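Computed from a prediction, not measured in an experiment: that's the story for all the values here. For the single chain, residues carry numbers from 1 onward in sequence order.
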Amino acid sequence: MNFSKKVLSVVMTAVMLQSVAVTGIITATAYNTVSEESQEQITQSYKNFNYVVADNKVTITEYNGYDETVTIPSYINGKKVTAIGEGAFYWNDTIKKVIIPGTVTSIGRNAFCDCEKLATVSIPDSVSTIESGAFQSCGSLTSFIFPKNLTTISSSAFAYTALTNVVLPDNIRYIEGCAFMGCKMTELQISHSVSTIGSWAFEGCENLETLTIPENVKVIGEWAFGGCTSLKNIIIPDNVTTIEKCAFCGCSSVVDVLLPNGITKLNQGVFSACSSLKNITVPESLTHVGIVVFECCENIENVYYAGSQAQWNAVYIDEFYDANRSFEQATIHYNVGGGSEITISELERVVTVGDTFTLTTDRSEPVSYTWKSGDTYVATVNQSGRVVARECGTTRIYAKYDDKKTVACKLTVNSLPDISLDKTELSMNVNDIDILTPTSYDEAVTYTFKSNNTAVATVNSSGRVVARGEGTAVITVIASNGGRETCEVTVAPQKKIALVLQEMYMWQPSASSGNTYTFKSNNTAVATVNKAGRIVARGEGTAVITAVASNGAKATCTVNVVSERTLTLNKTSLSLTLQKQYTLTPILTPADDSVTYTFKSSDATVASVNKAGRIVARGIGKANITVKSSNGLTAVCRVTVK
C-alpha cells in the first residue's frame with residue numbers, strides 16, 4: 001500500500017476515534033475489546049473470528065485468520081450474526097474476497113479499512129448501514145454493488161478505493177463528506193433521492209469524466225468535486241440552493257458551466273483553477289460572486305446572463321486581488337432565455353472627483369425603490385438618485401425595487417488633475433494676513449479661490465487670506481482644468497503680549513513660515529522691535545507690533561507694558577456659613593492667558609479649596625486661601641466660617 005495513504009488512513013482513524021471520545025461514547029482502545037457498559041458483551045472466539053453477543057445478536061469484532069476468501073457466518077452458537085464491528089478486518093493484508101450473509105444489517109466504522117488486496121465484496125440488501133471509513137483505502141476494490149436498503153454513504157466509507165463505476169441505489173439520501181474521495185471512478189450515477197452531497201465527497205476523483213447531479217440535490221458541500229480534473233461539463237439543477245466554497249475547484253477540463261435558477265451567491269473559490277472554463281450560464285437570481293470564485297480561470301469567453309445589463313451591474317463581484325477579473329471582463333450576453341428588462345438611465349459612467357449627477361429609473365413611484373452606493377468612500381447617493389463623486393475608485397450605484405430586483409450603474413471616479421497648495425493648514429490670529437500659492441504642471445491654468453466661512457477668513461482672487469474672526473474656515477482653490485485643493489484655516493484671538501518695563505520677548509509670527517520678515521512698532525516709546533523680532537518694553541502703555549513677510553503676508557500683536565506685574569483675587573476677605581461655597585477668581589495684571597494657578601488652604605477643616613478656586617465651608621473658624629501663579633506671584637483671601 002502507498003505509504004502516504006497508509007499514514008493518512010491512520011491519522012483519519014485517530015481523528016474519528018477522538019471525535020467519538022468527545023461525544024462521550026466509551027470506546028475500547030483496541031478493535032477486539034468492547035464497552036464496559038454491557039456486562040453481556042464478553043469477547044468470545046469462533047474459528048478465526050472474535051465476537052460479542054448483545055440481545056442475542058452477534059457482532060464480529062476481529063478476524064484472526066489468513067484466508068484470501070472469508071465467509072462471514074450467519075449464526076454462531078445459534079445466535080444470528082447481524083453486524084461486522086468497528087475495525088474487524090482493519091489492515092488485513094491477505095483477504096481478497098469477503099462474503100457477507102443476509103443476516104448482517106450493519107458494517108462498522110473502519111471495518112475493512114486498509115485491506116489492500118480486498119477486490120470483491122458480496123454484500124446482501126439486508127445491510128442498511130455502512131459506517132464511516134468502512135472500506136477506506138481498499139486499493140484493489142474496483143466494483144461494489146450497493147445494497148438497496150442503504151440510505152446514507154457515510155464519511156470516507158469508500159475513500160481511496162479503486163472503484164471505477166459507481167451506481168447508487170434509489171434509497172440513498174445523503175452522501176457524506178469524503179465518501180468517495182480519491183476514487184478511480186470514470187462514471188458516477190447519483191440516485192435521484194440524494195439531497196446532500198457532502199464536503200470533499202468526490203474530491204480528487206481524477207478519472208471522472210461525466211457528472212449528472214440529480215434534481216433533488218439542494219446542497220453541494222465544500223470541495224465536493226474539487227480536483228476532478230477530467231470533468232468536461234457541469235450542469236447544476238435548479239433545486240440546488242447552496243454551493244459551498246471550492247466545490248468545483250481545480251476541475252481543469254471543465255469548459256461549460258450551467259448555474260441553477262434561484263442560486264444567489266457563489267461562495268469562495270467555487271470554480272477557481274478551472275483553467276479550461278469558457279462558457280458560463282448565469283441566472284437572474286445571482287447577486288453575489290464571492291472571493292476568488294474564478295481565480296486562475298483566464299479563458300472565460302462568454303457569460304450568458306438571464307437578466308438585463310442594469311441587473312448585471314448590480315451583481316456584487318469581489319475584487320480581492322483582481323481574481324474574478326476574467327469573469328467580469330468576459331463578453332456578457334444579456335437577457336438570455338427571456339430575462340426581464342429593467343432600465344436605469346445610465347448603465348456606466350466615468351466622472352471625476354467632485355462631480356455630481358442624477359440617475360433615474362423606469363419606475364416613477366419613489367416608494368417602490370431605494371438607492372444605495374456600493375462604496376460611500378468613492379461616491380454617495382441620496383434617495384432622489386443624486387450621486388456625488390467623493391474619491392477616485394470604482395463602485396456601483398444600486399436601485400432596489402421592492403426588495404426583490406436590483407439594478408445598478410457602474411461608476412468609475414477618476415482623480416482630479418494634479419494641483420497643489422503650498423499650505424493645506426493655516427493657524428492665524430485675528431487680523432493676520434497670509435498668502436496661498438497653488439501650483440500645477442499646466443502652466444496655462446488659472447485659479448479661483450473661495451472661502452466657506454467669510455466671517456472667519458476671506459480670500460481674494462490672488463489667494464490673499466485675511467483672518468476676520470475666531471473659528472475655522474476652509475479655503476478651496478479650483479483650477480481651470482478641473483483640479484482642486486483645500487486649506488483649512490484656524491483663527492485664534494489677536495496675539496497679545498503682557499510685559500513689565502525693560503522685559504524682552506522674542507516673537508515668531510505664525511504666518512508664512514519660511515519667509516523673512518520686516519518688523520515695525522507703532523509706538524516705540526512703549527515697545528521697540530528689532531529685525532529678528534525681539535520686543536523690548538520701554539514705557540507703560542500699549543503698542544502694536546507688525547510683521548510683514550517677504551511674500552506679502554502680515555501678522556500683528558498687541559503689547560501691553562506695565563511698571564510691575566501684580567496678582568490679586570476678586571475677594572480679599574470672605575464670610576461663609578457652614579457648607580456654603582464660593583469660587584475665587586485670580587486677576588493678573590497685565591493679563592496673560594499662558595499663566596496657570598494653584599490654590600491652597602491653611603486649614604482645610606475650616607475651608608477647603610479645589611484647583612479651580614472653589615471654596616467649601618467645612619467647620620467654624622478662620623482659614624487663609626492662597627493662590628500662586630505659575631510666574632511666581634501670590635495673593636491671599638481670608639475666610640471666616642460661622
Side-chain angles (χ1 to χ4, degrees), residues 9 12-13 15-17 19-20 22-23 25 27 57 59 82-90 98 100 102-113 121-138 141 143-161 163 165-183 185 187-205 208 211-226 237 239-244 247:
S9 173
M12 292 183 72
T13 300
V15 171
M16 292 172 183
L17 289 173
S19 68
V20 172
V22 170
T23 61
I25 299 173
T27 305
K57 296 178 182 178
T59 297
T82 60
I84 301 172
E86 184 174 332
F89 291 82
Y90 179 72
V98 62
I100 301 172
T103 57
V104 172
T105 59
S106 68
I107 299 175
R109 181 179 300 175
N110 297 319
F112 295 93
C113 180
V121 177
S122 175
I123 187 166
D125 287 338
S126 59
V127 173
S128 59
T129 302
I130 298 177
E131 294 189 12
S132 58
F135 294 94
Q136 177 185 331
S137 297
C138 292
L141 187 61
S143 63
F144 190 91
I145 298 176
F146 295 87
K148 294 179 180 179
N149 288 326
L150 197 64
T151 59
T152 299
I153 307 294
S154 299
S155 59
S156 304
F158 297 92
Y160 300 109
T161 60
L163 294 179
N165 186 357
V166 173
V167 179
L168 298 180
D170 289 340
N171 284 340
I172 298 295
R173 299 287 187 273
Y174 306 101
I175 303 173
E176 293 186 350
C178 306
F180 294 95
M181 175 190 284
C183 285
M185 68 177 71
E187 185 177 350
L188 170 64
Q189 294 183 34
I190 303 175
S191 57
H192 290 282
S193 55
V194 170
S195 62
T196 300
I197 300 175
S199 300
W200 306 79
F202 297 94
E203 193 276 334
C205 294
L208 182 60
L211 171 64
T212 300
I213 299 173
E215 293 294 330
N216 286 331
V217 171
K218 293 182 175 60
V219 178
I220 301 175
E222 296 180 20
W223 285 90
F225 296 94
N239 282 337
V240 172
T241 57
T242 303
I243 305 174
E244 298 289 0

The single option from I172, I175, T212 that satisfies side-chain contact (heavy atoms from CB on, under 4.5 Å) with I190 is I175
Closest non-hydrogen contact found for S193 with P169 is OG-O, 4.5 Å
OG of S106 to CD of E86, rounded to nearest 0.5 Å, is 11.5 Å
d(I243 CD1, I197 CD1) to nearest 0.5 Å is 10.5 Å
For L168 and S191 the tightest heavy-atom approach is O-CB, 3.6 Å
With F180 as partner, the option from F135, W200, F202, F144 fulfilling ring pair (Phe, Tyr, Trp, His ring centres under 6.0 Å) is F202
>> What I'd like to find out is whether the side chain of S154 reaches to under 4.5 Å of the side chain of I130, using heavy atoms alone.
In response: no
*State, yes or no, whether a side-chain contact exists between T59 and K57 at a heavy-atom distance under 4.5 Å.*
no
Taken to the nearest 0.5 Å, the spacing of Q136 CD from S156 OG works out to 5.0 Å
CG of L188 to CZ of F225, rounded to nearest 0.5 Å, is 6.5 Å
| Plane angle bin for F146 and F158 - parallel if under 30°, tilted between 30 and 60°, otherwise perpendicular | perpendicular
task = Report the C-alpha distance between C138 and T161 in whole Å, list the side-chain angles of each, state the deciding distance to 0.1 Å, and finish with yes or no for side-chain contact (heavy atoms from CB on, under 4.5 Å).
result = CA-CA 5 Å; C138 292; T161 60; 4.3 Å; yes
Practice prompt. Determine whether N165 and S143 make a side-chain contact, defined as any pair of heavy atoms from C-beta on separated by less than 4.5 Å.
Written response: no
In this structure, CZ of R173 is separated from OG1 of T196 (nearest 0.5 Å) by 11.5 Å
*asked:* Treating N110 as the side-chain partner and G87 as the backbone partner, does any N or O pair qualify as donor plus acceptor under 3.5 Å?
replied: no
Note: G108 and E131 closest approach over all heavy atoms is C-CB, 3.7 Å
In terms of heavy-atom contacts, E176 and A201 come closest through O-CB, 3.8 Å
Heavy-atom side-chain contact between Y174 and S195 under 4.5 Å: yes
Closest non-hydrogen atoms of G85 and A111, given as atom of the first, atom of the second and distance, are O-CB, 3.7 Å
- [ ] Measure from the side-chain N and O atoms of T105 to the backbone N and O of T82, and report whether any donor-acceptor pair falls under 3.5 Å.
- [x] yes
Counting distance only, does the side-chain N/O of T151 pair as donor-acceptor with the main-chain N or O of N171 below 3.5 Å?
no
H192 and N216 have their tightest heavy-atom pair at O-ND2, 2.5 Å
In this structure, CD1 of I107 is separated from CD1 of I123 (nearest 0.5 Å) by 3.5 Å
